[in-house]
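Because only heavy atoms are used, hydrogens play no part in the values below, and waters and symmetry mates are left out as well, while side chains stay in. It should be emphasised that the depicted structure is a prediction, and the values quoted were computed from it without experimental measurement.
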Amino acid sequence: MELDLSPKLAKKVYGDDGGSYYAWCPNELPMLREGNIGAAKLALEKNGFALPRYSDSSMVAYVLQGAGVAGIILPGSEEKVIAIKKGDAIALPFGVITWWYNKEDTELVVLFMGDTSKGHKPGQFTDFFLTCSNGMFTGFTTDFVKRAWDVDDDIAKALIGNQKGKGIVKLDANVKMPEPKPDHRKGMALNCEEAPLDTDIKNAGNVVLLNTQNLPLVGQVGLGADLVRLEGNAMCSPGFSCDSALQVTYIVKGSGRLQVVGVEGKRVLETIVKAGNLLIVPRFFVVSKIADPGGLSWFSIITTPNPMFTHLAGSIGAWKAISPEVLQAAFKVPAETEKLFRSKRTNDAIFFPPPN
């Protein structure tokens with residue numbers, strides 16, 4: 001049975017006046033289960049507080065909108081309280097405990113994408129809350145809580161039953177939360193919109209790679225990531241992941257055309273992608289995008305911390321490395337056609353400006 005590769009939107013899982021949690025379902029996007037990938041979004045309103053939790057999966061978080069505060073506790077480490085804003089990427093290894101808070105008027109939206117191969121459900125994150133109506137305290141009896149934390153009966157009952165919220169709550173405006181510490185941010189987050197560009201093609205596009213060099217924690221997560229921005233009517237070279245990695249793509253902004261070609265040269269997907277879409281390209285399948293006039297931006301995770309790609313067009317395209325005689329025979333064209341083919345795209349790598 002052929003997999004449905006068409007882009008999908010996230011659906012609400014839970015939430016209240018403090019905010020909502022959305023996820024992509026493997027039943028609707030089968031490549032999530034096939035690739036053991038999870039994807040979800042957290043949207044916090046003003047004074048929204050995402051209660052402390054840990055997940056069964058390692059992941060990368062990316063701030064799509066707004067600004068706020070995140071608490072991150074790595075196993076055996078002190079709590080890191082960091083300011084987060086649009087464009088920030090944060091690597092979250094196994095066992096990390098996080099909380100998220102928004103004190104601004106603008107909604108804070110955080111995207112999560114990660115590896116579910118060691119999780120309870122392929123293609124889906126399972127969160128474990130420390131507190132709240134479905135948290136760890138709720139599951140233990142009062143006598144266990146009293147003994148484990150050496151508290152009396154009243155305190156134990158308060159710890160178990162006071163927090164009625166589920167996952168996300170709205171705090172009173174006068175509640176004081178920890179202030180972020182600038183030194184805590186170092187090594188924990190990288191702003192992809194402000195980081196040095198790894199590739200920048202005039203009038204075409206640019207890319208920032210997230211890897212073990214600029215954010216070492218991605219080595220523990222086992223994932224790489226990138227932010228790609230394509231100018232209006234520009235094209236991204238057809239290419240594929242040449243190290244067997246999967247690429248999971250979330251459309252951050254804009255829209256454009258997308259084509260994917262797979263086994264036996266079959267075009268398996270031709271569609272319009274737009275902001276909010278999530279899609280996964282199978283291993284070794286070739287993908288290309290052309291931005292609409294308003295441009296196209298996407299954030300991707302790749303299932304290896306230092307990914308490698310082969311591009312089929314452009315100055316670094318694989319065709320440039322193949323000898324003329326082989327190309328002539330492979331395409332079954334005369335030498336003049338091969339020479340013309342080879343003479344094109346000698347200056348543009350990866351991204352191509354709009355045609356004149």
Should the heavy atoms of other residues, nucleotides or ligands under 6.0 Å from CZ of Phe140 be counted, would the total exceed 12?
no
Can any side-chain N or O of Asp4 pair as donor or acceptor with the backbone N or O of Ser6 at less than 3.5 Å?
yes
Once rounded to the nearest 0.5 Å, what's the spacing between atom CG of Asp88 and atom CG of Asn191?
4.5 Å
Which label fits Tyr14 and Tyr21: parallel for a plane angle under 30°, tilted from 30 to 60°, or perpendicular past 60°?
parallel
Can you name the closest pair of heavy atoms from Asn214 and Leu209 and give their distance?
ND2-O, 2.6 Å
Kindly indicate whether the side chain of Val263, heavy atoms from C-beta on, has any atom under 4.5 Å from the side chain of Phe285.
yes
How about Lys339: does its NZ atom have over 12 heavy atoms from other parts shown lying under 6.0 Å from it?
no
Are side-chain heavy atoms of Cys132 and Gln163 found at a separation under 4.5 Å?
yes
When clusters are formed by joining ILVMFWY residues with side-chain heavy atoms under 4.5 Å apart, either directly or through shared neighbours, do Val109 and Leu227 land in the same one?
yes
Does atom CZ of Arg33 have more than 12 heavy-atom neighbours, drawn from other residues, nucleotides or ligands, at distances under 6.0 Å?
yes
Counting only N and O atoms by type, is there a donor-acceptor contact under 3.5 Å from the side chain of Ser237 to the main-chain atoms of Phe351?
no
Is the shortest heavy-atom distance from the side chain of Glu179 to the side chain of Val81 under 4.5 Å?
no
Go through the steps to decide whether Phe49 and Val175 satisfy the test side-chain contact (heavy atoms from CB on, under 4.5 Å), and finish with yes or no.
CA-CA 11 Å; Phe49 176 43; Val175 171; over 6 Å; no
Taking Lys46's backbone N and O only, do any of them form a donor-acceptor pair with Asp105's side chain (distance below 3.5 Å, no angle check)?
no
Note: Glu193-Lys86 ion pair, threshold 4.0 Å (strictly below)
yes
Going by an N to O cut-off under 4.0 Å, is there a salt bridge joining Asp16 and Lys164?
no
Are Tyr101 and Val96 connected in a single hydrophobic cluster, I mean Ile/Leu/Val/Met/Phe/Trp/Tyr linked by side-chain heavy atoms less than 4.5 Å apart?
no
Under 3.5 Å, is there a donor-acceptor pair between the side chain of Arg283 and the main chain of Ser241?
no
I'd like to know if Arg147 and Asp143 make a salt bridge, using a cut-off of under 4.0 Å between side-chain N and carboxylate O.
no
State, with a plain yes or no, whether a side-chain heavy atom of Pro7 is found less than 4.5 Å away from one of Thr271.
yes
Report yes if some heavy atom in the side chain of Thr116 is under 4.5 Å from a heavy atom in the side chain of Lys121; otherwise report no.
no
Distance check, rounded to the nearest 0.5 Å: Phe125 atom CZ versus Ile37 atom CD1?
8.0 Å
Tightest non-hydrogen contact, residues Ile84 and Ala70, listed as CG2-CB, 4.1 Å
Kindly determine whether Trp24 and Lys41 satisfy side-chain contact (heavy atoms from CB on, under 4.5 Å), including the steps that lead there.
CA-CA 9 Å; Trp24 281 267; Lys41 280 197 296 188; 3.9 Å; yes
Could you check if a side-chain atom of Leu279 sits within less than 4.5 angstrom of a side-chain atom of Leu258, using non-hydrogen atoms only?
yes
Between Pro93 and Gln220, which heavy-atom pair has the shortest distance, and what is it?
CG-OE1, 3.8 Å
Centre-to-centre under 6.0 Å for Trp149 and Phe137, is that the case here?
yes
In a check of side-chain contact (heavy atoms from CB on, under 4.5 Å) between Leu246 and each of Asn36, Thr303, Ile302, which one passes?
Thr303
Where do Val248 and Tyr250 land on the side-chain contact (heavy atoms from CB on, under 4.5 Å) test, with the steps shown first?
CA-CA 7 Å; Val248 188; Tyr250 176 86; over 6 Å; no
Would the distance check show the side chain of Arg53 and the main-chain N or O of Leu51 forming a donor-acceptor pair, the cut-off being under 3.5 Å?
yes
Modelled atom types, side-chain donor and acceptor of Ser57 and Asp115, under 3.5 Å:
no
Taking atom CD1 of Ile272 and atom NZ of Lys289, what is their separation to the nearest 0.5 Å?
13.0 Å
What's the spacing between Phe299 CZ and Leu64 CG if we round to 0.5 Å?
9.0 Å
Side-chain contact, heavy-atom cut-off 4.5 Å: Asn47 with Glu45?
no
For Gln247, does its backbone N or O pair with a side-chain atom of Ser300 as donor and acceptor, under 3.5 Å?
no
So which heavy atom on Ala39 is nearest to which on Leu278, and how close?
CB-CD2, 3.5 Å
Are Leu215 and Leu197 connected, step by step, through hydrophobic side chains (Ile, Leu, Val, Met, Phe, Trp, Tyr) whose heavy atoms are closer than 4.5 Å?
no
CD (Glu34) and CD1 (Ile280) are apart, to the nearest 0.5 Å, by 10.0 Å
Closest contact, heavy atoms only, Leu29 versus Lys8:
CD1-CG, 3.9 Å
Shared ILVMFWY cluster between Leu92 and Leu223, side chains joined below 4.5 angstrom?
no
Got a second to check how far Ile72's CD1 is from Lys80's NZ, nearest 0.5 Å?
10.0 Å
What do you reckon, is CG of Asp152 surrounded by more than 12 foreign heavy atoms closer than 6.0 Å?
yes
Got a donor-acceptor contact below 3.5 angstrom from the Ser255 side chain to the Lys274 backbone?
no
Side chains of His184 and Ile82: closer than 4.5 Å at any heavy-atom pair?
yes
Ion pair present between Lys85 and Glu194, side-chain N to carboxylate O less than 4.0 angstrom?
yes
Checking Asn277 side chain against Ile251 main chain: does a donor-acceptor pair fall under 3.5 Å?
no
Determine yes or no for a side-chain-to-main-chain donor-acceptor pair under 3.5 angstrom, with Arg267 supplying the side chain and Gln259 the backbone.
no
Single-linkage hydrophobic cluster, 4.5 Å side-chain cutoff, Leu42 and Val221 together:
no
Has Thr199 got a side-chain atom pairing as donor or acceptor with Asn206's backbone, closer than 3.5 angstrom?
no
Check for me whether the distance between the ring centres of Phe331 and Phe341 falls short of 6.0 Å.
yes
Closest non-hydrogen atom pair, Glu107 against Ala43:
OE2-CB, 3.5 Å
Passes side-chain contact (heavy atoms from CB on, under 4.5 Å), Val287 versus Thr249? Steps please.
CA-CA 11 Å; Val287 61; Thr249 298; over 6 Å; no
Quick check, are the ring centers of Tyr54 and Phe128 under 6.0 angstrom apart?
yes
